[in-house]
Chemist: 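One structure, as structure tokens, below. Some questions next.
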Amino acid sequence: MTLAVRERVSLQSYNTLAIAAQCGYLIEVSELEQLPQALDFARRHQLPRLILGGGSNIVLADDFPGVVIHMVLRGINVDVQGDTVLLDIAAGENWHDLVCWCLQQGYYGLENLALIPGTVGAAPIQNIGAYGVELQHLLDSVTGWDCEQESWQTLTNTQCEFGYRDSVFKHALKDRFIITSVRLRLSLKANTRLNYQILSDYLAERQITTPTPEQVADAVIAIRQSKLPDPATLPNAGSFFKNPVISVAAFERLQQQFPSLVYYPQADGRFKLAAGWLVEQTGWKGRSLGQVGVHEQQALVLINPGQGTGQDILQLASAIQQDVYEQFAIELEIEPRVYSYQQT
Ligand code: FAD
Ligand code: NAP
């Protein structure tokens, strides 16, 4: 299988912030055997590589001089065992299309994760989560290419070391393990999860007491569409900062100072703070800095309505981080992966 290598490609349509950075080379991987070949191309030319899915969780700080490997592998394999459905899904499948397809087939579990942009292969990287469900609740294993061992490997759920918007792919296996497929464990039986207040309120307001999985997905889609900008019309990368999780002592100090603090107690005894609330308190919601800004309805979402650069976005992020730190002594961490030439 020959590789199609494109030179000097604009990445503007390949990232949801619509940052017009250029890459040195772009290779689309649509067949498994192309992946080691693409990696070999980067190695022979001594170039850094960037593995790209839907580009909805990255910030391109500068032009990328290396090789972008765009994962467009497709295909779903189904294995039904009793009430359990095991799905092997290729990394390049679109996440939301998968959620919709599963609902049509009567394979349940993904409802709360509807309308998350991006690919299936990127979902384990930050253990995507929304409305009270995280990927780790549904993932059986992950298969991919280990660049160090130069072989195909399968990792169990435990080996993925999932955490809050976190996994082993952000740490020990960062830039080392390239996911080519994900195995999910779904069910033929509906088991809706309604522990997220906004979701349960939405259904209750409509007198839906025992919602079907389809109704849950529809509710999630409607809530998301009412609050979050669609990257196709207003470029953004979703939540730009992680919700900080802090100790009891730090929490008690803050709550005394700020009685209206928005927080969620965690199973491990710590407290998760709503980063959006912190940003809102600093007055950044709806404000702009040069070409970029903070969304009017959702203070966690940075937007690029014009021709903003990656540096513009990072400058805005830094100003927000500084103001949050000055007011609350909390360091906000950027959620999307930032790529800059210096860091590669
Ligand atoms: P990319 O942006 O292409 O890549 C992200 C990172 O993963 C990069 O470091 C990349 O190198 C790496 N990567 C990608 N594919 C692979 C692969 N096959 N193997 C190894 N590494 C890979 N996230 C949530 O968790 N919950 C949400 O509710 C949510 N909502 C969002 C809403 C909006 C409007 C937007 C824009 C984003 C949202 N996100 C959310 C963030 C984002 O959609 C997810 O993180 C998604 O999984 C990223 O997928 P992607 O294919 O676009 O990844
Ligand atoms: P929201 O519902 O307005 O809630 C604000 C924050 O409070 C969320 O970040 C959420 O944390 C937390 N929260 C709310 N209710 C909670 C509960 N019952 N238990 C624990 N935590 C609770 O947030 P939103 O921005 O509109 O997003 C809705 C959901 O979609 C959230 O789960 C969010 O993570 C997800 N989302 C993620 C991204 C992204 O890029 N990562 C973008 C858009 C939406 P959690 O974030 O931990 O859930």
Side-chain angles (χ1 to χ4, degrees), residues 11 14-18 29 35 49-60 68-73 90-96 112-135 142-145 147 164-167 169-170 173-182 193-202 220 223-245 262-267 271-278 280 295 297-303 335-339:
L11 296 173
Y14 288 87
N15 72 100
T16 62
L17 270 169
V29 167
L35 181 58
R49 53 174 193 255
L50 188 166
I51 307 300
L52 184 69
S56 64
N57 214 22
I58 58 170
V59 182
L60 298 164
V68 169
I69 299 178
H70 190 206
M71 301 297 284
V72 294
L73 296 159
E93 290 287 343
N94 176 275
W95 177 265
H96 178 65
N112 301 46
L113 302 177
L115 217 61
I116 299 181
T119 56
V120 168
I125 307 295
Q126 75 157 1
N127 180 25
I128 57 168
Y131 298 94
V133 173
E134 291 181 340
L135 181 72
V142 161
T143 296
W145 179 261
C147 298
Y164 179 60
R165 303 289 185 269
D166 202 19
S167 73
F169 308 108
K170 286 188 168 187
L173 296 183
K174 185 177 179 186
D175 291 331
R176 174 175 153 181
F177 196 90
I178 301 171
I179 296 169
T180 52
S181 69
V182 172
R193 298 190 211 209
L194 305 171
N195 53 339
Y196 198 92
Q197 182 93 39
I198 292 167
L199 178 59
S200 52
D201 286 353
Y202 179 94
V220 167
I223 298 168
R224 291 184 76 108
Q225 285 175 336
S226 71
K227 303 170 76 170
L228 282 168
D230 177 356
T233 48
L234 187 51
N236 72 86
S239 305
F240 205 84
F241 301 105
K242 283 189 195 175
N243 289 324
V245 181
V262 178
Y263 65 93
Y264 300 92
Q266 300 298 282
F271 289 83
K272 181 177 80 181
L273 305 182
W277 184 87
L278 298 173
E280 205 171 333
H295 191 242
Q297 275 167 276
Q298 173 48 284
L300 258 196
V301 177
L302 305 196
I303 53 172
E335 184 181 284
R337 171 96 184 255
V338 177
Y339 287 94

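In listed order, ligands and their atoms are each counted from 1.
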Chemist: Select one of side chain, backbone, both or neither to describe which atoms of S239 lie under 4.0 Å from any atom of ligand 1, heavy atoms only.
Modeler: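 For S239, there is no contact with ligand 1 at all, from either part.
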
Chemist: Do any N/O atoms on I178 end up under 3.5 angstrom from N/O atoms on ligand 1?
Modeler: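 No; the residue has no nitrogen or oxygen that sits under 3.5 Å from a nitrogen or oxygen of the ligand.
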
Chemist: I'd like the name of whichever of F240, Y263, Y264 reaches closest to atom 14 (C) of ligand 2 through any heavy atom.
Modeler: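 Checking each option, the heavy atom nearest atom 14 (C) of ligand 2 is found in Y264.
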
Chemist: About how many Å separate OG of S239 and CZ of R165, when rounded to the nearest 0.5 Å?
Modeler: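 Reported to 0.5 Å precision, the distance equals 7.0 Å.
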
Chemist: Considering both backbone and side-chain atoms of E335, is one of its nitrogen or oxygen atoms within less than 3.5 Å of a nitrogen or oxygen in ligand 1?
Modeler: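 Min N/O separation from ligand 1 is not below 3.5 Å for E335.
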
Chemist: Once you round to the nearest 0.5 Å, how far does OG of S167 lie from CD1 of I125?
Modeler: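 Here the interatomic distance stands at 5.5 Å.
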
Chemist: Hey, does F177 sit under 4.0 Å from ligand 1 if you only count heavy atoms?
Modeler: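 Distance cut 4.0 Å: F177 passes for ligand 1.
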
Chemist: So between Y196, F241, W277, whose heavy atom ends up nearest atom 48 (O) of ligand 2?
Modeler: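 It is Y196 whose heavy atom sits nearest to atom 48 (O) of ligand 2.
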
Chemist: Under 4.0 Å, heavy atoms only, figure out whether ligand 1 is touched by the backbone of I116, its side chain, both or neither.
Modeler: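 The side chain, only.
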
Chemist: Among L228, N236, I303, which residue meets the side chain to side chain contact (heavy atoms under 4.5 Å, CB included) test with H295?
Modeler: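 Looking at L228, N236, I303, the match for H295 under the side chain to side chain contact (heavy atoms under 4.5 Å, CB included) is I303.
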
Chemist: Among protein heavy atoms, which sits nearest to atom 34 (C) of ligand 1, and what does the distance come to when rounded to 0.1 Å?
Modeler: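 Heavy-atom neighbour on the protein nearest atom 34 (C) of ligand 1: N236 OD1, 3.5 Å.
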
Chemist: Starting from atom 36 (C) of ligand 1, what is the nearest protein heavy atom, named by residue and atom, and what distance separates them?
Modeler: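 Protein heavy atom with the smallest distance to atom 36 (C) of ligand 1: G238 N, 3.2 Å.
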
Chemist: Is it the side chain, the backbone, both or neither of L228 that has a heavy atom closer than 4.0 Å to ligand 2?
Modeler: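 Near ligand 2, L228 shows its side chain, while the N, CA, C and O stay back.
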
Chemist: Just to confirm my output: which protein heavy-atom neighbour is closest to atom 11 (O) of ligand 1, and how far is it?
Modeler: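 Going atom by atom, the protein heavy atom closest to atom 11 (O) of ligand 1 ends up being I51 O, 2.6 Å.
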
Chemist: In this structure, does ligand 2 have an atom that sits under 4.0 Å from one of the heavy atoms of N243?
Modeler: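 In this structure, N243 qualifies as a contact of ligand 2 - some heavy atom is under 4.0 Å.
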
Chemist: What's the spacing between L302 CG and F240 CZ if we round to 0.5 Å?
Modeler: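 Separation between the atoms: 5.0 Å.
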
Chemist: Can you tell me which residue and heavy atom of the protein come closest to atom 24 (P) of ligand 2, and the distance to 0.1 Å?
Modeler: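 It is Q298 NE2, 3.6 Å.
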
Chemist: Relative to the ring of F169, is the ring of F177 parallel (under 30°), tilted (30 to 60°) or perpendicular (over 60°)?
Modeler: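 Tilted: the ring planes of F177 and F169 meet at 30° to 60°.
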
Chemist: Could you please spell out the steps behind the side-chain contact (heavy atoms from CB on, under 4.5 Å) verdict for E134 and Y164?
Modeler: CA-CA 8 Å; E134 291 181 340; Y164 179 60; 3.6 Å; yes

Chemist: In this structure, does ligand 1 have an atom that sits under 4.0 Å from one of the heavy atoms of L50?
Modeler: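 L50 does not count as a contact of ligand 1 under the 4.0 Å cut-off.
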
Chemist: Out of K272, K227, E335, Q266, who is nearest to atom 47 (O) of ligand 2 when you count heavy atoms only?
Modeler: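 Shortest heavy-atom distance from atom 47 (O) of ligand 2: K272.
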
Chemist: As a test of understanding, state which of N57, V59, L300 forms a side chain to side chain contact (heavy atoms under 4.5 Å, CB included) with E335.
Modeler: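 Running side chain to side chain contact (heavy atoms under 4.5 Å, CB included) over N57, V59, L300 with E335 returns exactly one hit, N57.
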
Chemist: Would G53 count as being in polar contact with ligand 1, using the rule that some N or O on each side must be under 3.5 angstrom apart?
Modeler: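 Indeed, backbone or side chain, G53 has an N or O that close.
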
Chemist: Nearest 0.5 Å, please: how far is CD in Q298 from OG in S226?
Modeler: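 These two atoms lie 10.5 Å from each other.
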
Chemist: With respect to atom 28 (O) of ligand 1, which of R224, M71, E134, Q126 exhibits the smallest heavy-atom separation?
Modeler: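 Among R224, M71, E134, Q126, the closest heavy atom to atom 28 (O) of ligand 1 comes from R224.
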
Chemist: Mark the output for Y339 as yes if a heavy-atom distance to ligand 1 is under 4.0 Å, and as no if none is.
Modeler: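 Per 4.0 Å heavy-atom rule, Y339 contacts ligand 1.
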
Chemist: Heavy-atom contacts under 4.0 Å between L115 and ligand 1: side chain, backbone, both, or neither?
Modeler: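 Neither; no heavy atom under 4.0 Å.
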
Chemist: Give the single entry among S56, G55, G129 that approaches atom 48 (C) of ligand 1 most closely by any heavy atom.
Modeler: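 Selected option, by shortest heavy-atom distance: S56.
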
Chemist: Return the CG to CD1 distance between D175 and I51, rounded to the nearest 0.5 Å.
Modeler: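 Rounded to the nearest 0.5 Å, the CG-CD1 separation comes out at 8.0 Å.
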
Chemist: In the protein, which heavy atom is nearest to atom 32 (O) of ligand 2, and how far is it?
Modeler: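 Of every protein heavy atom, Y131 N, 3.1 Å lies nearest to atom 32 (O) of ligand 2.
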
Chemist: For the CD atom on Q197, are there more than 12 heavy atoms of other groups (residues, nucleotides or ligands in this structure) within a distance under 6.0 Å?
Modeler: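 Counting neighbours around CD of Q197, 12 or fewer heavy atoms of other residues, nucleotides or ligands fall under 6.0 Å, so no.
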
Chemist: Hey, does G54 come in under 3.5 Å of ligand 1, counting only N/O atoms on both sides?
Modeler: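 Yes; at least one N/O pair falls below 3.5 Å.
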
Chemist: Tell me the protein heavy atom at minimum distance from atom 38 (C) of ligand 2, and give that distance in Å.
Modeler: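 Looking only at protein heavy atoms, the one closest to atom 38 (C) of ligand 2 is S239 OG, 3.0 Å.
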
Chemist: Any heavy-atom pair between the side chains of K242 and Q126 that's under 4.5 Å?
Modeler: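 Of all side-chain heavy-atom pairs linking K242 with Q126, none is under 4.5 Å.
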
Chemist: I'd like to know if the side chain of N243 reaches the main chain of K272, judged simply by a donor and an acceptor atom lying under 3.5 Å from each other, with no hydrogens or angles considered.
Modeler: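 Side chain of N243 to backbone of K272, a donor-acceptor pair under 3.5 Å: no, none is there.
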
Chemist: Nearest to atom 35 (C) of ligand 2 by heavy atom, A299, P117, A130, S226: which?
Modeler: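 Considering heavy atoms of A299, P117, A130, S226, the nearest to atom 35 (C) of ligand 2 sits in A130.
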
Chemist: Applying a 4.0 Å heavy-atom criterion (strictly less than), which segment of I125 is in contact with ligand 1: side chain, backbone, both, or neither?
Modeler: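 Within the 4.0 Å criterion, I125 contacts ligand 1 through side-chain atoms alone.
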
Chemist: So, regarding P231 and ligand 1 (criterion: nitrogen or oxygen to nitrogen or oxygen, under 3.5 Å), is there a contact or not?
Modeler: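 Not met; the criterion fails.
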
Chemist: Would you say Y164 touches ligand 2, if touching means a heavy atom closer than 4.0 Å?
Modeler: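 Flag set, Y164 near ligand 2.
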
Chemist: Rounded at 0.5 Å granularity, tell me how far CD1 in I128 sits from OG in S56.
Modeler: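 Output value for this atom pair is 9.0 Å.
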
